[in-house]
Amino acid sequence: MDRESFSIRNTHYGIYDADEHKIGEIDSYGILIQTDDSIIYNHLPQATSQEITDMDYYRYDFATNRSVKIGTIENWVYESKYNTTVIGNTLYMFITTQEEDQKESTLHLYKIDLESNGMSVVFSEKGAFMYNSMTSFGDTLYIVQILNNRCDIIAYDTVSGARQVLKRFEFDDAAGTGETIRQITSDDDTLVCLRLKIDNEQRTSLYLDRYTADMTLLESVDLSSITSERADLDPDDRENERRQGVSAFWVSGPLFYYENFSITRFLGKIENGSITSMTETALPGTWGAAYEAVKNSDSIIFYEAFAPDNKIYWLDGDTGNFREASFKVAADERYAIHNLSRDTRGNLLFYMGYEDPDTGETLEPRLYYVPLEELNFS
């Protein structure tokens with residue numbers, strides 16, 4: 001087969017409103033970041049390539065329907081989009097780079113000024129874990145930094161620029177035992193960590209640890225049973241599922257949602273120190289939570305990717321009540337949701353596409369920018 005068929009390239013998206021009016025278009029690579037008034041997106045400098053070396057960053061403005069280039073990152077390797085966080089008018093993101101002659105990669109915390117469109121490095125750590133996580137809590141960015149044989153929780157004051165290690169967990173990399181943090185989030189009142197513990201017998205446990213801002217422990221709940229919801233997994237697979245990296249972790253009081261890089265999704269409630277599932281059956285691996293650069297603890301939006309009915313679900317974080325809606329593309333009802341994000345103003349950004357499983361026929365990828373209030377939830 002021609003090597004060119006394996007080339008990496010940008011995806012062209014038309015951007016539409018719910019009434020099928022085309023409001024803009026972008027050429028992007030990878031997942032998009034939705035802010036309250038724009039889309040931050042990656043763009044490959046070359047039309048096609050066999051490998052990524054440099055990555056351009058752009059911002060599409062919904063007010064002007066135009067894009068502006070923010071900057072270019074050389075020796076780009078990876079960006080953990082699911083951890084990107086906005087505080088005030090600044091967007092923070094973890095980006096990993098690696099020079100060709102270097103053995104170790106470097107993890108950078110970048111920030112984008114959403115007023116000036118300036119892009120700069122906050123700090124860099126050589127050899128740091130590229131899947132580090134972070135969350136906002138007031139004006140502070142709480143960062144989980146994993147280095148050799150340890151895991152630190154760091155508070156970065158976005159006003160003063162000061163960094164402080166608040167808590168350290170020991171993990172023996174060679175033996176594969178100890179404790180580490182898989183994700184971190186906040187429900188506006190408390191800081192919540194998802195802690196993985198592996199003992200000397202390689203048994204795994206997951207815990208939800210709830211802290212005050214100064215890391216006073218308020219609650220620790222064993223979440224290990226979440227993998228038991230999957231009857232299709234044997235004991236070894238359940239152990240492996242608990243070890244997985246975590247792409248989504250949402251908490252609102254006693255409610256929580258867990259989504260890992262593999263197949264486990266769990267929506268549950270904590271009652272008297274134990275957990276119960278809020279769904280009758282295990283959530284399929286195609287389920288996902290709408291991505292938010294500013295976490296909303298009042299509610300969470302779910303979707304099921306590649307499903308023909310395009311249903312989305314809205315969960316009230318205060319009451320635990322579910323509401324359901326469906327988003328159909330009038331231009332062609334074959335379009336299915338591939339991904340979904342939400343801003344703090346209640347606008348949703350649907351990533352839509354279609355590929356016929358038998359013929360391979362495709363429809364052009366589209367983005368739909370739709371206010372939540374325009375959907376008929378019931």
Side-chain angles (χ1 to χ4, degrees), residues 13 15 26 28-43 55 57-63 67-68 70-71 73 78-96 108-122 130-144 156 158 183-188 191-192 246-252 257 259 288-303 312 314 317 337-351 367-372:
Y13 290 101
I15 306 173
I26 60 175
S28 70
Y29 174 80
I31 301 298
L32 313 173
I33 300 297
Q34 181 185 0
T35 72
D36 280 348
D37 57 5
S38 63
I39 300 171
I40 307 295
Y41 65 95
N42 299 14
H43 176 89
M55 185 68 72
Y57 281 77
Y58 282 80
R59 184 182 184 189
Y60 172 86
D61 189 331
F62 284 112
S67 292
V68 59
I70 297 171
I73 296 177
Y78 179 75
E79 178 187 347
S80 55
K81 293 276 190 181
Y82 54 91
N83 280 315
T84 300
T85 302
V86 172
I87 298 179
N89 290 314
T90 306
L91 181 147
Y92 296 90
M93 55 188 180
F94 277 131
I95 296 175
T96 301
H108 312 270
L109 178 65
Y110 269 86
K111 67 178 181 180
I112 296 174
D113 187 316
L114 297 175
E115 291 185 342
S116 68
N117 291 323
M119 184 176 183
S120 59
V121 176
V122 178
M130 68 173 64
Y131 304 109
N132 281 354
S133 57
M134 62 180 166
T135 194
S136 60
F137 194 10
D139 289 330
T140 302
L141 198 62
Y142 285 81
I143 298 169
V144 175
Y156 169 68
T158 59
Q183 259 296 356
I184 189 168
T185 191
S186 168
D187 64 359
D188 296 332
L191 191 69
V192 187
V246 177
S247 54
F249 183 46
W250 174 84
V251 175
S252 179
Y257 174 69
E259 178 181 319
Y291 172 77
E292 296 177 334
V294 179
K295 298 292 189 298
N296 184 339
S297 62
D298 293 336
S299 64
I300 185 171
I301 302 288
F302 299 103
Y303 68 98
I312 61 173
W314 181 87
I337 300 172
H338 287 187
N339 212 323
L340 181 62
S341 63
R342 175 173 65 158
D343 65 20
T344 63
R345 298 176 181 176
N347 298 305
L348 299 177
L349 187 65
F350 291 89
Y351 303 54
L367 299 173
Y368 281 86
Y369 186 58
V370 182
L372 189 66

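Below, each value reflects all heavy atoms present in this structure, side chains not excepted, and no hydrogens, waters or symmetry copies. All of these numbers come straight from a predicted model, not from anything done at the bench.
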For the [atom1] atom of [X] and the [atom2] atom of [Y], what is their distance to the nearest 0.5 Å?
| X | Y | atom1 | atom2 | answer |
| --- | --- | --- | --- | --- |
| Asn42 | Ile70 | CG | CD1 | 9.5 Å |
| Arg59 | Met119 | CZ | CE | 13.0 Å |
| Leu367 | Gln34 | CG | CD | 10.0 Å |
| Ser38 | Leu114 | OG | CG | 6.0 Å |
| Tyr351 | Leu340 | OH | CG | 8.5 Å |
| Phe94 | Asn132 | CZ | CG | 5.0 Å |

Whether the side chain of [X] engages the backbone of [Y] through a donor-acceptor N/O pair (distance < 3.5 Å, no angle test) should be reported.
| X | Y | answer |
| --- | --- | --- |
| Ser247 | Glu259 | yes |
| Trp250 | Asn296 | yes |
| Gln183 | Phe249 | no |
| Ser186 | Leu191 | no |

Do [X] and [Y] come within less than 4.5 Å of each other through their side chains, counting heavy atoms only?
| X | Y | answer |
| --- | --- | --- |
| Ile40 | Thr35 | yes |
| Ser341 | Lys81 | no |
| Leu91 | Thr84 | yes |
| Leu109 | Met134 | yes |
| Tyr82 | Tyr131 | yes |

Pair Ile26-Ile15, side-chain contact (heavy atoms from CB on, under 4.5 Å): steps then yes or no: CA-CA 8 Å; Ile26 60 175; Ile15 306 173; 4.2 Å; yes

Evaluate the ring planes of His43 and Tyr58, with Trp represented by its six-membered ring, and classify them as parallel (under 30°), tilted (30 to 60°) or perpendicular (over 60°). perpendicular

According to the interplanar angle, ranging from 0 to 90°, do the rings of Phe62 and Tyr369 count as parallel (below 30°), tilted (30 to 60°) or perpendicular (above 60°)? parallel

Can you see which heavy atom on [X] is nearest to which on [Y], and at what distance?
| X | Y | value |
| --- | --- | --- |
| Asp36 | Arg345 | O-NH1, 3.4 Å |
| Thr140 | Ile87 | O-CD1, 3.9 Å |
| Pro371 | Asn347 | CA-OD1, 3.6 Å |
| Ser252 | Ser297 | OG-O, 2.7 Å |
| Asp187 | Val251 | CB-O, 3.2 Å |

Does the pair Thr158 and Asp139 meet the rule for a side chain to side chain donor-acceptor pair (under 3.5 Å), with working shown? CA-CA 6 Å; Thr158 59; Asp139 289 330; 4.9 Å; no

So Leu372 and Ile301, side-chain contact (heavy atoms from CB on, under 4.5 Å) or not? Walk me through it. CA-CA 10 Å; Leu372 189 66; Ile301 302 288; 4.1 Å; yes

Donor + acceptor pair across side chains of [X], [Y] (<3.5 Å):
| X | Y | value |
| --- | --- | --- |
| Tyr60 | Ser28 | no |
| Tyr57 | Glu79 | yes |
| Asn83 | Tyr92 | no |

Are Tyr257 and Phe302 close enough that their ring centres sit under 6.0 Å apart? yes

